[in-house]
Amino acid sequence: MQTLPPWPYPQLVAHRGAGTLAPENTLSAMRVGASFGYKMVEFDAKLSRDQVAILLHDTDLERTTNGSGNAADHPYGALAKLDAGLWFSSKYSGEPIPTLEAVARYTVAHNIACNIEIKPTPGLEALTGTAIARQALNDWRAASVPPLLSSFSLTALESAQRDAPSLPRGWITAKLDEDWRQTLTRLGCVSIHLQHLLLTKSLLNDIHTAGFRVAAWTVNDPDRAAELLQWGVDSVITDALDLIHAA
Ligand code: G3P
Ligand code: MG
């Protein structure tokens with residue numbers, strides 16, 4: 001039985017700021033998350049053409065902004081003019097795509113813990129891992145708990161490990177191969193972030209015994225969240241802030 005690494009994070013994490021209750025990956029969403037008592041937020045970060053780190057889930061701009069094309073093909077100056085709230089509701093029109101820097105200022109000031117998902121534009125995995133990890137190291141230096149960096153991309157995690165080794169890392173996956181222990185060990189991860197339907201009590205125990213923390217996503221059924229927490233999952237990442245109540 002390995003010793004588990006420190007996990008200074010809350011059990012409940014607001015997915016993309018406030019799940020589906022506000023325009024995802026915006027500061028307004030984070031304010032909604034905080035209004036529901038959530039003390040930790042997960043969000044998706046990638047780079048503009050001129051390598052400014054911004055929050056955006058998709059590679060392209062269509063679904064969540066009034067822009068078009070890939071975010072990585074536009075300089076930040078152009079992305080800053082887009083509306084990232086109107087697609088959700090007229091109540092949020094004028095909401096900008098936030099920079100990672102702005103999110104750091106907001107979350108550090110309000111003592112909200114962060115899970116920064118490094119979500120590279122395909123082909124930019126190493127560059128994005130390096131840029132976001134280095135920036136996180138600087139922008140969260142006054143934070144009471146370090147930001148948890150996570151990614152589906154092993155390349156991005158390798159870059160983060162090399163360039164900001166002191167920041168904790170989590171590997172996100174929706175499938176578990178036999179060699180998951182080796183992958184987590186090689187990347188120096190503290191945690192695995194598993195699609196919650198993969199999780200059984202026995203697997204959770206195996207991961208803990210191997211010395212890694214477990215975050216489950218995206219858990220929107222309160223009964224499933226209660227079950228996972230009762231089993232001892234370390235964090236639950238959820239959209240259902242209105243149904244799954246922060247203590
Ligand atoms: O970080 C967990 C979860 O956010 C991964 O999926 O697509 O919502 O970023 P996605
Ligand atoms: Mg995400």
Side-chain angles (χ1 to χ4, degrees), residues 7 9-27 29-30 32-33 38-47 53-65 70-72 84 87-88 97-98 100 103 107 112-122 124-125 128-129 132-133 136 146-157 160 167-176 180 183-184 187 189-199 204 207 212-221 224-225 228-229 233-241 244:
W7 189 256
Y9 303 115
Q11 288 184 317
L12 297 181
V13 183
H15 186 228
R16 306 186 194 175
T20 53
L21 301 175
E24 64 184 56
N25 286 315
T26 64
L27 282 170
M30 293 182 193
V32 170
Y38 276 64
K39 304 284 188 208
M40 184 162 183
V41 61
E42 183 267 3
F43 52 83
D44 307 293
K46 55 173 42 73
L47 299 178
I54 56 159
L55 268 56
L56 192 76
H57 179 275
D58 299 358
T59 296
D60 65 61
L61 295 157
E62 271 82 356
R63 183 176 62 87
T64 58
T65 79
N70 289 352
W87 70 276
F88 184 85
I97 296 175
L100 187 65
V103 170
T107 55
I112 295 168
C114 290
N115 173 197
I116 305 174
E117 181 184 342
I118 304 170
K119 190 80 117 182
T121 298
L124 300 178
E125 288 81 3
T128 308
I132 288 177
L148 175 61
L149 305 181
S150 64
S151 193
F152 285 99
S153 165
L154 301 182
T155 303
L157 289 172
L167 291 181
R169 287 172 300 287
W171 174 39
I172 311 174
T173 186
K175 66 180 176 61
L176 211 55
W180 59 265
T183 301
L184 290 166
L187 294 166
C189 287
V190 299
S191 54
I192 187 164
H193 299 208
L194 273 181
Q195 207 288 344
H196 79 93
L197 295 173
L198 294 177
L199 258 183
L204 178 65
I207 299 170
F212 304 101
R213 301 285 186 168
V214 180
W217 55 272
T218 304
V219 185
N220 293 333
D221 174 3
R224 177 62 169 162
L228 291 168
L229 291 167
V233 78
D234 297 285
S235 289
V236 161
I237 301 173
T238 181
D239 293 319
L241 280 60
I244 299 173

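Numbering of ligands and ligand atoms starts at 1, following listing order. Numbers here are sequence positions counted from 1. None of these values were measured; they are calculated from a predicted model.
- There is no side-chain donor-acceptor pair under 3.5 Å between Thr218 and Asp239.
- Judged as a side chain to side chain donor-acceptor pair (under 3.5 Å), and not counting sequence neighbours, Glu42 has no contacts.
- Annotation: side chain of Pro146 is in contact with side chain of Pro168 (closest heavy-atom distance under 4.5 Å).
- Residues with a heavy atom under 4.0 Å from ligand 1: His15, Arg16, Glu42, Asp44, His57, Glu117, Lys119, Phe152, Ile172, Trp217.
- Take a cut-off of 2.8 Å around the Mg ion (ligand 2): the protein N, O or S atoms inside it are Glu42 OE2, Asp44 OD1, Glu117 OE1.
- Atom CG of residue Leu21 and atom CG of residue Leu241 lie 5.5 Å apart, to the nearest 0.5 angstrom.
- Tyr9 meets the ring-ring contact (aromatic ring centres under 6.0 Å, His included) test with Trp7; sequence neighbours excluded.
- Interatomic distance, OG of Ser150 versus CG of Leu157, reported as 7.5 Å (0.5 Å rounding).
- Looking at His15 and Trp217, their side chains never come closer than 4.5 Å, going by heavy atoms from C-beta outward.
- Of all the heavy atoms in Asn115 and Leu148, the pair that sits closest is ND2-O, 3.0 Å.
- Atoms NE2 and NZ, from His57 and Lys46 in turn, are 7.5 Å apart once rounded to the nearest 0.5 Å.
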